[in-house]
Every structure is written in structure tokens, then in C-alpha cells.
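A short worksheet on the structure shown next.
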Amino acid sequence: MTDFTSLAAGRPYLAIPGPSVVPDAVLRAMHHPSSNIYEGELVDMVPGLVDDLKRVARTAHHAAIYICNGHGLWEASLSNVTQAGDRVLVASNGRFGAGWADTARALGLGVSVVDSGMAQPWDLARLRAELLADTAHEIKAVLAVHVDTSGSIRNDVPVLRALLDEVGHPALLMVDCIASMGCETFEMDAWGVDVSITASQKGLMMPPGLGFVFFNDKAAARRSELERVSPYWDWRARSKPDVFYQYFCGTAPVQQLYGLRAALDMIHAEGIENVWNRHALLARAIWAAVEAWGQGGAMTLEVKDPAQRSHAVTALSLEAPDGTRLRKWCEEHLGLTLGIGLRATPWGHPEWDAHFRFGHMGHVSGQMILGLLGGVQAALTACDIAHGSGAVEAAAQVLAQKV
Ligand SMILES: *Cc1c(COP(=O)(O)O)cnc(C)c1O
């Protein structure tokens with residue numbers, strides 16, 4: 001391969017499941033001198049930003065903005081509705097469910113995890129049994145990840161709401177939408193979600209660094225019952241500031257807020273339902289291609305049931321070590337970076353090199369997805385990895401809306 005001409009010059013394409021591609025309009029908007037943080041343009045802009053964020057989350061209730069990543073949001077959300085010694089129940093089917101559970105444990109909470117296995121649908125029977133057994137209502141919250149980015153399963157949030165209602169359990173329903181908000185249909189209020197969280201660097205098309213917590217009055221009431229909440233995480237002043245300074249518990253992230261304004265303008269100009277539909281169609285094109293490749297080789301989608309597959313991220317496997325070989329070839333020769341696999345096996349385990357992921361969240365168009373799939377086609381050929389034919393054609397048929 002030493003004499004292979006590299007085709008990696010040109011605009012690179014980072015197709016990992018976060019951080020995602022940042023639009024030029026967002027980058028330009030962030031190229032902004034620091035503003036007065038006490039009065040003027042920036043101060044006037046933020047209330048509208050909060051309203052437009054709530055439109056993305058489909059909630060009429062409250063929002064708090066943090067300078068943090070997703071791990072910060074796990075802690076921010078729990079800190080406002082639980083205190084050490086409380087119990088929470090976690091519906092887990094991947095690394096991110098497990099991660100939120102770890103954060104809860106570290107905060108001194110009693111954590112029960114119903115783990116249905118990587119990329120397997122939630123075990124509703126076991127969740128039901130846990131809730132029914134809790135006759136004293138010690139469980140204060142049920143933690144659920146909408147799209148678990150590790151195995152790329154999309155979970156059925158309304159079913160979990162229905163379960164809580166059916167057994168009459170008052171626990172808050174808290175949902176991690178970090179991989180899904182701005183990509184997948186999500187209706188916070190209509191689905192009866194009490195707290196939802198998302199970060200800037202995935203569907204919202206921003207650099208990492210901003211975190212958003214949405215909460216309703218039931219969650220706000222729980223906050224009021226707590227004696228002490230870490231001052232930085234406390235959502236009360238952030239969501240109802242007397243002075244601008246309180247929105248961010250300190251200096252506002254000036255440039256990020258200008259970027260967020262541009263990103264939200266793009267989302268609302270397209271229309272949130274159109275954004276969801278675009279992601280759904282692009283995902284179907286990807287699945288069609290992978291199914292064609294799988295006809296003549298080992299490539300498979302981790303989530304078998306299309307109804308449970310994310311529209312924002314796709315986890316795949318080949319035979320080890322071909323997943324890693326494919327990834328490296330795409331990056332080196334085409335300037336196309338695919339995501340590493342995130343499986344239960346530890347880093348360095350030979351199995352690890354079987355898995356990889358495509359990120360297709362946020363600022364992603366049809367031509368980008370066809371480029372990604374064409375790139376994978378070239379890599380399979382160059383690396384002599386067995387595969388079926390007609391994959392890119394199958395994807396094109398989906399995008400042409402012929403299938
Ligand atoms: C990316 C992600 C996280 C973690 O976000 P960080 O910003 O890396 O801390 C948490 N949950 C889900 C579902 C994610 O996709």
C-alpha cells in the first residue's frame with residue numbers, strides 16, 4: 001500500500017457520533033469578539049435562545065444552560081432532584097446507561113440497574129418488577145437513555161412512561177437525549193418526560209462545551225424539597241435569573257452562544273420535523289447499503305430490528321480486525337473518519353477491532369452520506385474485505401425515494 005496515492009486532501013469528513021460536523025455558519029458566528037456580559041446585544045439575545053432550545057426539546061417548561069459536556073449533564077440533572085441516600089432505577093442497554101448509573105453511584109445514590117445487554121431492548125418485565133417491589137416509593141427517578149450511542153439502539157420512551165403510569169409509581173422520568181435531540185423525534189411534554197438533557201456537540205451541530213437540562217414543574221418541585229444542591233449545578237437561578245449573570249453561574253460562554261444562535265436558526269429554518277425526517281431517510285440509506293454489503297461478507301448492523309435503530313448513529317461489525325482496518329483506511333486515504341466501536345469488551349481486546357460506528361447526526365446531507373458509503377465501498381475493496389455488491393446503488397435508491 002506504500003505506493004497508493006492518498007485522496008485525503010480536500011475537506012475532511014468527521015463521521016463519528018460526536019462531536020459532529022459544525023456548519024460554516026456556526027463557525028463564522030463564533031468568530032466574534034467578546035461582548036459586554038452586563039448589558040447589550042448578548043444579554044438581549046439569551047432569553048430567545050432559551051425559548052428556541054425549548055422548541056427543539058418540545059417543552060413549554062424550564063431550561064438551564066451549563067458550560068459542560070454530557071458527563072456534566074448527568075451530574076447536573078441528578079444533583080437537582082436527588083440527594084445522597086436516595087434510590088434511582090436505571091434502564092440500561094449500553095455504555096451510556098452504565099455511565100449515568102456510575103455517576104449516580106458516585107453521588108451517593110442507591111442504584112438499581114436493569115441491564116438488558118448491549119443494544120438489546122429494555123427489559124420491561126424486570127423494570128416493572130423493580131417498580132412494583134418498591135412499595136415505599138424509595139426510587140426517586142428512573143434514568144433512561146433515548147439513543148444509546150454505543151450500540152446505536154433507540155429506546156421507546158413513551159413505553160417507559162406508560163409503565164410508570166400503569167404501576168402508579170411517582171418516580172421522575174429522566175431521559176438522556178444527548179445523541180438524539182435535534183436528530184430523532186422526541187416530544188418531552190407529550191411523552192411525559194420530567195427531565196431531559198442534551199449537549200451541544202451532536203444533533204445541535206455545535207462544538208462541545210454547552211449542556212442543556214430541561215425540566216418540568218414536578219421536577220422543579222423536587223428541587224425545592226432538597227436542602228442543599230451544589231451551587232454550580234443548581235438549576236433554580238439559571239432557569240429564572242434575576243440578573244443575567246445567573247444564567248451561567250458566572251461568565252457567559254460568549255462565542256458559544258453566538259454559535260448556538262446560528263445553529264438554532266438553521267434548525268428552525270429547516271423545521272424540526274423536517275430535521276427528524278432527514279435523519280430518518282439518511283439512516284435508511286445507510287441500512288440499505290450495509291444490508292447489501294452483508295449479503296457477501298461479515299458486515300452486520302448491531303441492532304437487528306429497524307424500528308429500534310437510531311437515525312443518528314449506526315453501530316456495525318465485521319470480523320476482527322477488519323473494522324479497525326476499514327476505519328484506518330478511510331481516514332488515511334480518503335479523509336473520512338469513522339467512529340470506533342464501543343462494546344462491552346475492553347479496549348485492546350481482539351474483539352474490539354471488529355466494531356465501528358457511523359455518526360450521522362446534525363449537519364449531514366444526502367451527498368455526505370453517499371460520500372461516506374462510497375468511501376466505505378472503496379475501503380472494503382482496497383482492504384480485500386469480503387462484501388456484497390450494490391450497496392451504494394441501494395442507498396441511492398432510498399435517497400431517490402424509489403424504495
Ligand atoms: C455522547 C454521549 C454522552 C456523553 O457526552 P460527553 O460530552 O462525552 O460527556 C452521554 N450520553 C449519550 C447518549 C451520548 O451520546
Side-chain angles (χ1 to χ4, degrees), residues 14-22 56-57 65-79 88 90-107 113 115-116 118-119 121-122 141-157 160 173-186 188 193 195-214 233 253 256 260 279 283 302-303 308-315 337-344 347 355-362 364:
L14 183 69
I16 69 176
S20 62
V21 174
V22 180
V56 175
I65 307 179
Y66 296 87
I67 301 173
C68 71
N69 63 14
H71 283 67
L73 291 167
W74 284 341
E75 189 163 336
S77 53
L78 287 170
S79 298
V88 295
V90 184
S92 177
N93 47 11
R95 283 283 185 102
F96 292 94
W100 206 359
D102 286 344
T103 299
R105 264 182 225 107
L107 290 171
V113 180
D115 183 1
S116 53
M118 173 67 75
W122 285 332
V142 176
L143 315 188
V145 178
H146 187 204
V147 165
D148 200 303
T149 324
S150 53
S152 72
I153 190 161
R154 174 158 41 81
N155 290 301
D156 194 340
V157 174
L160 193 52
L173 176 57
M174 301 176 67
V175 182
D176 171 345
C177 300
I178 295 171
S180 55
M181 199 176 285
C183 309
E184 317 254 9
T185 304
F186 178 77
M188 174 159 169
V193 173
V195 178
S196 69
I197 60 176
T198 199
S200 53
Q201 77 271 23
K202 299 190 186 182
L204 297 182
M205 312 186 289
M206 284 277 296
L210 291 184
F212 312 103
V213 177
F214 304 94
W233 293 134
Q256 297 251 354
L260 181 63
H279 282 82
E302 308 278 13
V303 181
Q308 292 168 349
R309 289 180 196 149
S310 167
H311 298 159
V313 52
T314 299
T337 305
L338 308 178
I340 58 167
L342 272 187
R343 300 293 296 182
W347 202 297
H355 302 281
F356 59 106
R357 291 175 300 162
F358 300 151
H360 36 106
M361 40 182 60
V364 186

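Computed from a predicted structure; not experimentally measured. Residue numbers start at 1 and run along the sequence shown. Each ligand, and each atom within it, is numbered from 1 in the order the structure gives.
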- prompt: Hey, does the Lys NZ or Arg CZ of Lys202 hover above the aromatic six-ring of Phe212, less than 6.0 Å from the centre and inside 45° of the axis?
  reply: no
- prompt: Once you round to the nearest 0.5 Å, how far does CD1 of Ile197 lie from CG of Asp176?
  reply: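 Between Ile197 CD1 and Asp176 CG, I get 4.5 Å after rounding to 0.5 Å.
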- prompt: How far does CG of Leu107 sit from OG of Ser79, to the nearest 0.5 angstrom?
  reply: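 The CG atom of Leu107 sits 5.0 Å away from the OG atom of Ser79.
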query: Val303 and Ala119: which non-hydrogen atoms are nearest, and at how many Å?
result: CG2-CB, 4.1 Å
message: With a 4.0 Å cut-off on N to O distance, would you call Arg357 and Glu302 a salt bridge?
response: no
Pairs of nitrogen or oxygen atoms, one from ligand 1 and one from the protein, closer than 3.5 Å: please tabulate them with distances.
| from | atom 1 | to | atom 2 | distance (Å) |
| --- | --- | --- | --- | --- |
| ligand 1 | 7 (O) | Gly70 | N | 2.8 |
| ligand 1 | 7 (O) | Gln201 | NE2 | 2.8 |
| ligand 1 | 9 (O) | Gly70 | N | 3.1 |
| ligand 1 | 9 (O) | His71 | N | 2.8 |
| ligand 1 | 9 (O) | His71 | ND1 | 2.4 |
| ligand 1 | 11 (N) | Asp176 | OD2 | 2.7 |
| ligand 1 | 15 (O) | Thr149 | OG1 | 2.4 |
| ligand 1 | 15 (O) | Lys202 | NZ | 2.6 |

message: Can you tell me how the ring of Trp74 sits relative to the ring of Trp100, calling it parallel under 30°, perpendicular over 60° and tilted otherwise?
response: parallel
